[in-house]
2 protein chains.
Amino acid sequence: MSIEARRDVFQAIADPTRRQIISLIANKSMNLNSIADNFNISRPAISQHIKILTECGMVVVRQEGRERFCEAKLDGLSEVSNWVDQYKQFWNEKFDSLGSYLERIQADNQSNEEPNAD
Amino acid sequence: MSIEARRDVFQAIADPTRRQIISLIANKSMNLNSIADNFNISRPAISQHIKILTECGMVVVRQEGRERFCEAKLDGLSEVSNWVDQYKQFWNEKFDSLGSYLERIQADNQSNEEPNAD
DNA sequence: TGTATATGTAAGTATTTGCTTACGCAACTT
DNA sequence: AAGTTGCGTAAGCAAATACTTACATATACA
């Protein structure tokens, strides 16, 4: 429980269980028990993960009768993507040509804040 | 100091201070004190963050006299990028249009005028 | 040589995390 | 109405995290 302080996307995806949950519900909404069936940890633990994902906007819950369907809203991942993309130039050897091309265009179109020198 | 168990890249970049460190040294190596100058936390705290980043391969340290220059090795970010990229289809409306556009011109790239591809 | 500089690391601490079990409640089923 | 199902949440706990101060060590410099 504690406080739900700085729930940001980076922290949300830091946990492997949460990444798996995202992976599970990315394509289709699932109710909580169905999600929990895929893990060895308890249902309340999954419920808490869902709560965290909800708090940072990665999941929206739609109630349907007594079930609650969890739907992924992955727009927040763009924050991660944008952050990582700044550094693609430092490792993009293994990136496919279209991808890197697209990234370059994208980097051109958006005004990123740059790593600041002193 | 507990154990340095599952140091993975996702967890490494979950901390905002570590993201700032990466941002600082992405372009140029810096010694530890220079890095620490940019933060309000103590030098040992920075040293510990560097250690974590080193343990997951994001930073390599090169000793030079009594200084230790920290150099970013951001290849590990590709793991994050690849993971996020799986879900790009779920959030990249603006990205998607550009992407499909690029795919089109990539498919028959002699018939289209391109954006400023650098 | 002695001292300042650059740094690692240990020890201690407060907070956060990720889990558990226990319980409560609303919504279906019979 | 009574039981079952689906779920949230509280309480408790072990471990991890992010810091601090104190100290050790190696290098540079006078």
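Numbers restart at 1 for each chain; the letters A, B, ... are given by sequence-line order, proteins then strands.
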Atom pair distance, as rounded to whole Å: CD in Glu67(A) and P in dT29(C): 10 Å
No-H, no-angle donor-acceptor pair, Arg66(B) side chain to dG8(C) base, under 3.5 Å: no
Separation of atom CD1 in Ile41(B) from atom P in dC19(D), rounded to whole Å: 4 Å
Gln48(A) (side chain) and dT20(C) (base): donor-acceptor pair under 3.5 Å: yes
Lys73(A) bridged to Glu71(A) by N-O distance under 4.0 Å: no
Spacing between Ile21(B) atom CD1 and dA18(D) atom P, to the nearest angstrom: 11 Å
Under-3.5 Å donor-acceptor pair between Gln63(B) side chain and dT7(C) base: no
Short side-chain N/O contact to dC7(D) OP1/OP2 from Ser47(A), under 4.0 Å: no
Under 4.0 angstrom between Ser42(A) side-chain N/O and dT20(C) OP1 or OP2: yes
Below 4.0 Å: OP1/OP2 of dG8(D) and any side-chain N or O of Arg68(A): yes
Length of the CZ-P vector between Arg62(A) and dC7(D), whole Å: 12 Å
Closest listed nucleotide, where the reference is the side chain of His49(A) and the choices are dC19(C), dT20(C), dC19(D): dC19(C)
dT17(D) OP1/OP2 closer than 4.0 Å to side-chain N/O of Gln11(B): yes
Separation of dT5(C) P from Glu64(B) CD (nearest whole Å): 19 Å
Flag, side chain of Ser81(B) to backbone of Leu77(B), donor-acceptor distance under 3.5 Å: no
Separation of atom CD1 in Ile50(A) from atom P in dT9(D), rounded to whole Å: 13 Å
